[in-house]
Trainee: 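Before anything else, here's the structure in question.
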Amino acid sequence: MTSQQRKIRKMLADKEGILLVHFYARPEIQEIADVLGDSLLLAQSAASSDAKVIVFAGVHFMAQSAAMLSPQKTILLPRVDAGCPLADMADAASVKKMKMEEPDAVFMAYVNSTAEVKAESDICCTSSNALKIIKTLPPAKKVVMLPDGNLARHVASVTGRQIIAWKGCCPIHQALTVEEVRECKQKYPQAPFAAHPECRQEVLALADFVGSTSAIIRFARETNANQIIIGTEEGILTELQKQNPGKIFIPASPSLVCIDMKKITLDDIERSLETMQPVITVPRDIGKAAKNALDRMLTAS
Ligand code: CIZ
């Protein structure tokens with residue numbers, strides 16, 4: 001541990017705080033996490049922790065979820081501008097309009113959405129539990145999945161459910177092309193390709209495994225292959241390499257880097273703990289409705 005990492009750990013201990021870190025965050029932050037995980041695990045950890053302060057090394061919607069699940073704790077997001085372009089692709093007014101057009105549909109919001117959009121939705125899901133959550137919904141019901149159209153199409157193709165896919169995408173996963181994957185497969189013919197469901201359908205069609213970050217990590221651990229092509233944000237490579245020192249992980253594209261997930265640095269965390277800013281809160285009325293959708297997901301998970 002560097003002296004700065006030690007200092008941050010000490011500040012966290014002094015303030016009875018914990019550091020929740022997403023797999024896509026910078027490696028030096030992953031190293032000092034209390035909990036390292038996907039948004040589902042981080043949301044569950046925020047809800048169950050008895051810490052007074054939660055420092056979130058992820059993006060804004062994750063810190064918002066923590067604030068709604070743990071209103072009595074101080075939630076710090078060291079860079080308030082760490083946003084999510086996918087979450088910004090749906091707004092409450094458009095969801096309200098769609099609800100008028102599809103009055104009988106169940107609205108299922110991917111956690112990568114704003115609190116306002118969650119508040120308009122019936123239930124949330126993450127990429128690790130979307131298939132499980134959809135099974136809890138009445139089979140005859142049409143489902144509107146938002147804001148990620150690729151995840152929606154993937155869930156529809158696996159389950160055969162009637163799903164209306166919102167026109168949104170994660171620009172990072174969307175940018176991965178069939179040509180890039182084919183090139184990797186040619187170079188590493190023995191390597192299975194593990195892809196995130198936020199990738200385009202034609203990219204997923206080339207995948208040997210499709211799953212969330214935690215599912216990809218499990219797949220990498222369990223497969224006999226010792227070279228694996230990875231189709232998700234490169235931050236996951238830190239944990240993959242740590243868990244599997246003998247295996248080789250090949251990013252499917254050099255462009256699989258989310259600048260928002262990389263915004264928070266150790267300096268930002270140290271400053272945030274010093275100043276106890278920026279605090280993330282959600283207006284009470286929105287928070288109450290959005291928490292209902294989150295709670296339904298957590299109960300069904
Ligand atoms: O749900 C998450 O944490 C995200 C953004 C990706 C994943 O698959 O874990």
Side-chain angles (χ1 to χ4, degrees), residues 20-26 29-30 33 35-47 56-66 69 77 82-90 108-114 117-118 121 123-134 145-152 154-155 158 168-176 194-200 203-204 207 209-221 230-240 243 249 251-252 256-264 293-294 297-298 300-301:
L20 302 186
V21 181
H22 194 271
F23 287 128
Y24 295 158
R26 290 169 181 264
I29 297 176
Q30 296 191 27
V35 182
L36 172 67
D38 62 8
S39 55
L40 177 61
L41 178 68
L42 300 180
Q44 288 166 332
S45 306
F56 225 104
V59 291
H60 195 264
F61 74 82
M62 298 178 185
Q64 267 193 333
S65 296
L69 293 167
L77 181 67
C84 172
L86 167 61
D88 294 338
M89 289 184 193
M108 182 160 145
Y110 192 26
V111 285
N112 302 40
S113 57
T114 62
V117 163
K118 289 185 179 81
S121 304
I123 192 162
C124 289
C125 72
T126 70
S127 43
S128 62
N129 65 16
L131 293 170
K132 190 170 172 188
I133 299 291
I134 203 150
M145 269 189 79
L146 65 150
D148 192 305
N150 288 332
L151 176 67
H154 172 67
V155 172
V158 173
C169 65
C170 161
I172 315 303
H173 288 91
Q174 179 76 3
L176 177 61
H196 195 278
E198 288 176 15
C199 295
R200 300 160 184 261
V203 166
L204 295 184
F209 178 80
V210 178
S212 64
T213 51
S214 48
I216 291 176
I217 289 170
R218 205 163 40 244
F219 168 78
R221 207 168 40 229
I230 300 296
T232 191
E233 211 277 344
E234 56 104 49
I236 196 179
L237 298 175
T238 303
E239 184 62 12
L240 286 170
Q243 288 194 16
F249 297 98
L256 282 163
V257 181
C258 173
I259 52 165
D260 280 284
M261 282 285 184
K262 302 292 184 272
K263 274 187 183 154
I264 295 173
L294 278 170
M297 170 187 82
L298 292 175
S301 292

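Start at 1 and go down the list; that is how both ligands and their atoms are numbered.
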Trainee: Of Q174, R200, H173, which is the lone residue that meets side chain to side chain donor-acceptor pair (under 3.5 Å) with N150?
Mentor: Q174
Trainee: Considering only heavy atoms, which protein residues lie less than 4.0 Å from any atom of ligand 1?
Mentor: H22, Y24, D38, S39, N112, S127, H196, S212, T213
Trainee: Excluding sequence neighbours, so at least two apart, what forms ring-ring contact (aromatic ring centres under 6.0 Å, His included) with Y24?
Mentor: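 Partners of Y24 under the ring-ring contact (aromatic ring centres under 6.0 Å, His included) test: H22.
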Trainee: For F209, give me all partners under ring-ring contact (aromatic ring centres under 6.0 Å, His included), at least two apart in sequence or on another chain.
Mentor: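 In terms of ring-ring contact (aromatic ring centres under 6.0 Å, His included), with neighbours along the sequence ignored, F209 is linked to F219.
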Trainee: Regarding S212 and D38, do their side chains bring together a donor and an acceptor under 3.5 Å, going by distance alone?
Mentor: no
Trainee: Applying salt bridge (Lys or Arg N to Asp or Glu O under 4.0 Å), name anything that partners E234, two or more places apart in sequence or on another chain.
Mentor: K262
Trainee: Is there a donor-acceptor contact under 3.5 Å from the side chain of E233 to the main chain of I172?
Mentor: no
